[in-house]
Amino acid sequence: MSSLNNESTRKLEGVIELLLESSSRINEAKPRRYWYPLSLATYGVDEIIEAIDSMCSFRTTMWEKTLLFERRFAAYQNCADCVMVNSGSSADLLLTFLLTNPCNPLLQPGDEILVPIVTWPTQIWSAMMAGLKVRFVDVSPETLNIDVDDLAAKISPKTKAIFLVHLMGNPCPMDRILEIATAHNLLIIEDCCEALGAEWDGIKVGNFGIGGSFSFFFSHHMTTMEGGMIACPNALTADHLKILRAHGWLRNVDLAQHEIAGYDIDPRYAFVNWGFNVRPTDLQAGFGLHQLQKLPIFNQRREELANRFFKFIDGELFLQRPLVSPRARPSWFSLPLLITSDAPFSRKEITIYLENQGVETRPIVAGNIARHPVGKLFDAFEQDTYLGADAIHERGFYLGLSPFHSDEDLNKLMDCLQQFLSKYK
Ligand SMILES: Cc1ncc(COP(=O)(O)O)c(C=O)c1O
């Protein structure tokens, strides 16, 4: 923090606490549809003061807090470098454009990339927009992760890369995937937007390939309001991403890597590539600095709640939770469930019941994205059938998981489910 002295910080704290209190009183007075919502706010006075500090110091655009947050996130993630962007979708976009980067192409437009069919759609759009040919891979309804047998079966001489997603915070089986990738010389990029803190064999997801994306949207493991990050295995990758992040402009990067001598240009305004503007603000980075400090406690609480919930589910008929490999340490994003195929009730029946009881529910990400209207727009969706994704589409749903859900909330949620299930015993 730079612009606020101790006295103004203390006064501000008092004002913000008052504001937060009155806003929670107003919210409590309103009729609430859900007592168990999908997400709850995890930020407070610290983050708000940090944002005000950026505004008062007139350093609202990407500045020193962004650099500091990138450095601290890299230390947490245990990777060489990090690049912050304005959303997880932008992180996915830059990662795929890194593959077909005109400045330093790793792949050619038209090369094939394998992508799981159950994911957040911007992962898919990124690969398409970067000029790659998407080949979809089915997803296991047991783990919610990429079906490794289908992955191996989909590889052809045209296949050059795999874009994984560690869905719901459950790490993909990295041993087999790395084996396959090495055997076929495939690049790996990872969408970790739902998996911040998850590990495979003690290694954080996002560190297995040439980059990993993270999302700091409101409901995620930590939030910067909107925001995202890319974990990089080296500083050169980070530099390429920084140029793509900001207009193709040679700013905030190691100048030595780029030849601009001999051009009749102002070197402060040198453009060495094409690019976007997906820069974050320093307000978001300031949020990130505080949220990152709280992340270990948030994730520990998520783990406690999820373990209790899944233990309860393990003792019930007709509902299954994702299987976890003994080598994986998930960082649960939510509480995903599938109704077993022999269940005497439908997904619709149980979710309507829960919604009527005040428990918010939603599909597992987008289900089988090929079954959405957008599926008609692109041939890639029509190449195959996806039985695993169909099972998730038809029988899957998820409930919220927030470090701010109380033990009482969780007990009430389990009672509520038990009451529904008792009708079928
Ligand atoms: C797996 C996955 N990838 C990408 C994203 C996109 O992140 P954002 O909402 O920050 O754009 C999300 C968002 O929830 C996600 O779940």
Side-chain angles (χ1 to χ4, degrees), residues 37-39 42-43 69 73 82-98 113-130 134 136-137 139-140 143-146 162-172 188-198 205-206 208-209 211-231 245 276-281 283-285 287-288 291 302 322 330-336 360 362-369 372 374 389 392 396-402:
L38 288 174
S39 62
T42 60
Y43 69 84
F69 179 42
F73 193 88
C82 274
V83 178
M84 189 184 181
V85 286
N86 60 2
S87 73
S89 300
S90 299
D92 279 350
L93 191 70
L94 292 200
L95 263 184
T96 50
F97 271 79
L98 181 72
I113 187 165
L114 300 173
V115 185
I117 188 82
V118 179
T119 183
W120 187 252
T122 48
Q123 186 191 359
I124 301 164
W125 313 150
S126 303
M128 288 179 171
M129 287 171 185
V134 169
F136 288 112
V137 180
V139 169
S140 153
T143 62
L144 304 179
N145 273 318
I146 199 157
I162 309 171
F163 196 175
L164 296 171
V165 60
H166 305 283
L167 207 77
M168 299 283 120
N170 194 18
C172 294
I188 291 180
I189 51 176
E190 297 171 80
D191 179 320
C192 314
C193 287
E194 297 181 358
L196 177 53
V205 299
F208 285 93
S213 63
F214 295 88
S215 165
F216 306 135
F217 184 65
F218 185 84
S219 53
H220 288 235
H221 292 77
M222 56 171 272
T223 184
T224 59
M225 301 176 273
E226 293 271 8
M229 190 71 90
I230 306 167
R245 170 175 70 178
F276 305 92
N277 179 4
V278 290
R279 291 177 301 199
T281 64
L283 278 72
Q284 290 164 292
F287 257 60
Q291 288 269 300
R302 280 175 178 270
S331 179
W332 293 111
F333 176 69
S334 67
L335 300 173
E360 194 173 8
R362 56 160 289 174
I364 293 185
V365 201
N368 179 353
I369 188 74
H372 287 250
V374 68
I392 295 167
F397 66 97
Y398 81 66
L399 307 171
L401 176 64
S402 164

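Note that ligands are numbered from 1 as they come in the structure, with each ligand's atoms numbered from 1 the same way.
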**Message:** Within the 4.0 Å heavy-atom shell around G88, which atoms of ligand 1 are there?
**Reply:** 6 (C), 7 (O), 8 (P), 10 (O), 11 (O)

**Fill in**
Per-atom filter on ligand 1: closer than 4.0 angstrom to a heavy atom of D92 are 3 (N), 4 (C)

**Asked** For ligand 1, is any non-hydrogen atom under 4.0 Å from V165's backbone (N, CA, C, O), its side chain (CB onward), both, or neither?
**Response** side chain

**Prompt:** What residues, two or more places apart in sequence or in another chain, satisfy ring pair (Phe, Tyr, Trp, His ring centres under 6.0 Å) together with F287?
**Reply:** Y43

**Modelled atom types, side-chain donor and acceptor of T42 and Q291, under 3.5 Å** = yes

**Prompt:** Any idea which protein heavy atom is nearest atom 16 (O) of ligand 1, and the distance to it?
**Reply:** E194 OE2, 2.6 Å

**Asked** From I113 CD1 over to I162 CD1, what is the distance, rounded to the nearest 0.5 angstrom?
**Response** 9.0 Å

**Message:** Considering both backbone and side-chain atoms of W120, is one of its nitrogen or oxygen atoms within less than 3.5 Å of a nitrogen or oxygen in ligand 1?
**Reply:** no

**Asked** Under 3.5 Å, is there a donor-acceptor pair linking the side chains of D92 and T122?
**Response** no

**Item:** Top protein contact for atom 1 (C) of ligand 1, by heavy-atom distance
**Value:** D191 OD1, 3.5 Å

**Message:** Using a 3.5 Å distance criterion without hydrogens, assess whether the side chain of E194 forms a donor-acceptor pair with backbone atoms of S331.
**Reply:** no

**Prompt:** Which protein non-hydrogen atom lies closest to atom 6 (C) of ligand 1, naming both residue and atom, and how far is it?
**Reply:** S89 OG, 3.3 Å

**Request:** Could you list the residues that satisfy side-chain hydrogen bond (donor to acceptor under 3.5 Å, both in side chains) with S402, not counting sequence neighbours?
**Result:** none

**Request:** Please confirm whether V365 comes within less than 3.5 Å of ligand 1 when only nitrogen or oxygen atoms on both sides are compared.
**Result:** no

**Fill in**
Looking only at protein heavy atoms, what sits closest to atom 14 (O) of ligand 1 is H220 NE2, 3.0 Å

**Prompt:** Would you find a donor on one side and an acceptor on the other, under 3.5 Å apart, between the side chain of T119 and the backbone of P116?
**Reply:** no

**Asked** Hey, which atoms in ligand 1 end up nearer than 4.0 Å to a heavy atom of S215?
**Response** 7 (O), 8 (P), 10 (O)

